[in-house]
Amino acid sequence: MLVEANAAYARELEQARAATGFDEAVLTGEGTVFGRRVAVVACEFDFLAGSIGVAAAERITSAVERATAEKLPLLASPSSGGTRMQEGTVAFLQMVKIAAAVTQHKRAHLPYLVYLRHPTTGGVFASWGSLGHITAAQPGALIGFLGPRVYEHLYGEPFPPGVQTAENLLRHGVIDAVVGVEALRGMLDRALTVITDAPTAPPAAVPDAPVPDIPAWDSVIASRRPDRPGVSWLLREAATDRVLLSGTHGEAASTVLALARFGGQPAVVVGQRRVVGGVVGPVALREARRGMALAASLHLPLVLVIDTAGPALSKEAEEDGLAGEIARCLADLVTLDTPTVSVLLGQGSGGPALAMVPADRVLAAQHGWLAPLPPEGASAIVFRDTAHAPELAAAQGIRSVDLLRNGIVDAIVPEYPDAADEPVEFARRMSDAIAREIHGLRAKPSESRYAARLRRYRRIGLPG
């Protein structure tokens, strides 16, 4: 082999071994996180810049396959300049087999958690460094595809400052968190509590409270109160073991994506955040689809929280494929192979709301509502004004009691008299209701649950 005949490279290897005390740029093994076994793959940057050649790639691949065979969560911690240049194209191609092994690990519904250390660039970042179910990075770490030194030599100017940093990638939703090494263990513990620990018994059911006959327009007004508790409040006050993911940041900031437990029941959570305007664009819907894929990959129930004033209506949203994202979100959800619970928490206007409705079970807050358009928009179409919005809200059957009667929602969580007036108590009631629904769905065979979901949405609106 040409590489083995290269005396200069052989000397570099010997020098790296002598300097580091390691035989390669990769260390593999296993450890524990608060008693849980976890497989580990980590780079040693001081060994030829953590670069990956044939031997290092084989070690990584074998470690991933071993973790899969032993059904262990896998923590990968790259710190690498990328492919080992001394080994040429054959080293470049090693990223393929590593990516394949990681994908097989994830297809076995086993967690793959990534912690990017300073620096991580090149083919490592573009393969196994970017495939995590959850991806965190070291504060201040240089993270990027093209190394800044290579860029400057190729283009004769420095790479723009501040781009290839962990903090900037977090702002843009590329990674999920920036976490110091000292806090990493706690984050891993919370994530693994949700992903791997068995659920506990849900809170006991409470008798159904009568739902008052409130005009639809009153519910619309209540749903728009700026102090109404949203998904962030629900997670903070009524969930445990929260791990916020990339939807919390960047362009997808109107979407919350998290791991959490409700009443001891683990779930992936996708929620529409109550932000100014409350509209949802294509990036937010792609983040919702990431949550759906994450739930399916980890075999976790999915909880979707609907609270949106409608779709983003702009040139940018149209050009970025808003309609297609709504369609794909809707199609992914209704056919998802994991238990699903949708929660109509407040406003439910337009395509972005519909795209998160078709779950196995649908809960509605008392003042939650669902409509093709905000009532003012419906009034503008029918009457060419907005003054008839209250009339259209009543006629279209958008309020929670109408949705219950029409089989669109399964249960209503009461408000006394308004969630904004009792936010903590309301959040805990909603959490308990979510927990009971998840528990009931987990007890059903997946085939019958999936068939029932398809049958339900086939029958809505038909007689009988």
Side-chain angles (χ1 to χ4, degrees), residues 1-6 8-33 36-108 110-138 141 143 147 181 184 188:
M1 186 175 174
L2 178 61
V3 168
E4 294 173 341
N6 189 322
Y9 178 40
R11 285 194 299 272
E12 286 185 73
L13 287 173
E14 286 305 316
Q15 290 166 0
R17 289 168 185 147
T20 64
F22 300 114
D23 65 343
E24 249 302 342
V26 175
L27 308 175
T28 67
E30 74 167 78
T32 60
V33 176
R36 299 182 191 86
R37 291 177 65 203
V38 177
V40 180
V41 173
C43 288
E44 171 52 60
F45 189 80
D46 288 341
F47 192 106
L48 298 183
S51 58
I52 305 302
V54 173
E58 182 61 24
R59 182 172 294 182
I60 294 170
T61 303
S62 297
V64 175
E65 291 172 345
R66 188 164 58 249
T68 307
E70 297 194 23
K71 302 188 185 308
L72 293 178
L74 176 59
L75 171 62
S77 185
S79 176
S80 172
T83 298
R84 189 166 296 175
M85 292 296 103
Q86 295 92 328
E87 296 186 22
T89 301
V90 293
F92 183 42
L93 267 290
Q94 300 304 305
M95 302 305 133
V96 176
K97 73 179 182 185
I98 299 173
V102 168
T103 301
Q104 291 300 317
H105 184 81
K106 293 169 68 177
R107 284 181 179 171
L110 295 167
Y112 179 58
L113 313 174
V114 175
Y115 184 60
L116 303 169
R117 297 176 6 256
H118 173 76
T120 302
T121 61
V124 169
F125 184 46
S127 57
W128 54 287
S130 291
L131 293 175
H133 287 116
I134 301 172
T135 303
Q138 185 180 16
I143 309 290
V181 173
L184 180 61
L188 291 172

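Gly82 approaches Val124 most closely through the heavy-atom pair CA-CG2, 3.9 Å. Contact between His133 and Leu110 at its shortest, heavy atoms only, is CE1-O, 3.2 Å. Phe45 approaches Gly81 most closely through the heavy-atom pair CE1-N, 3.9 Å. Taking each heavy atom of Arg59 and Val26 in turn, the nearest pair found is NH1-O, 3.0 Å. In terms of heavy-atom proximity, Pro78 sits nearest to Gly129 at CG-CA, 4.2 Å.
Looking at His105 and Leu74, their side chains come closer than 4.5 Å, going by heavy atoms from C-beta outward.
For residues 111-123, every residue pair satisfying the side-chain hydrogen bond (donor to acceptor under 3.5 Å, both in side chains) rule, not counting sequence neighbours, is listed here: Ser77-Arg117.
At a threshold of 4.0 Å, the pair Glu14-Arg11 does not count as salt-bridged, since none of the basic side-chain nitrogens sits closer than that to a carboxylate oxygen.
Gln94 contributes a side-chain N or O that, together with a main-chain N or O of Val90, makes up a donor-acceptor pair within less than 3.5 Å. Remark: the backbone N or O of Met85 is not paired with any side-chain donor or acceptor of Thr83 at under 3.5 angstrom.
In this structure Glu58 satisfies the salt bridge (Lys or Arg N to Asp or Glu O under 4.0 Å) test together with Lys97, sequence neighbours excluded. In this structure Glu70 satisfies the side-chain contact (heavy atoms from CB on, under 4.5 Å) test together with Glu30, Arg37, Arg66, Leu72, sequence neighbours excluded. Not counting sequence neighbours, Ala19 has no partner by the side-chain contact (heavy atoms from CB on, under 4.5 Å) test. Residues passing the side chain to side chain donor-acceptor pair (under 3.5 Å) test with Gln15: none are found, sequence neighbours excluded. Every residue two or more places apart in sequence or in another chain that forms a side-chain contact (heavy atoms from CB on, under 4.5 Å) with Ser130 is listed here: Phe125. Listed by chain and residue number, nothing satisfies the side chain to side chain donor-acceptor pair (under 3.5 Å) test with Lys71 (two or more places apart in sequence, or in another chain). Looking at residues two or more places apart in sequence or on another chain, you find a side-chain contact (heavy atoms from CB on, under 4.5 Å) between Asp46 and Thr20, Glu44.
Here Ile60 contributes atom CD1 and Glu65 contributes atom CD; the two are 12.0 Å apart, rounded to the nearest 0.5 Å. Separating the CG atom in Leu131 from the CD1 atom in Ile98 is a distance of 10.5 Å, to the nearest 0.5 Å. Going from atom OG1 of Thr135 over to atom CG of Leu113 covers 8.5 Å, rounded to the nearest 0.5 Å. How far OG of Ser127 is from CZ of Phe92: 10.0 Å, rounded to the nearest 0.5 Å. Atom CD of Gln86 is separated from atom CG of Leu13 by 7.5 Å, given to the nearest 0.5 angstrom. The line from OG1 of Thr68 to NZ of Lys106 is 12.0 Å long, rounded to the nearest 0.5 Å.
Of the residues listed (Val38, Val114, Val41), the one engaging Leu75 in a side chain to side chain contact (heavy atoms under 4.5 Å, CB included) is Val38, and it is the only one.
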Table please: side-chain donor-acceptor pairs of residues 47-57 below 3.5 Å, with sequence neighbours left out.
| from | atom 1 | to | atom 2 | distance (Å) |
| --- | --- | --- | --- | --- |
| Ser51 | OG | Leu48 | O | 2.8 |
| Ser51 | OG | Arg84 | NE | 2.9 |

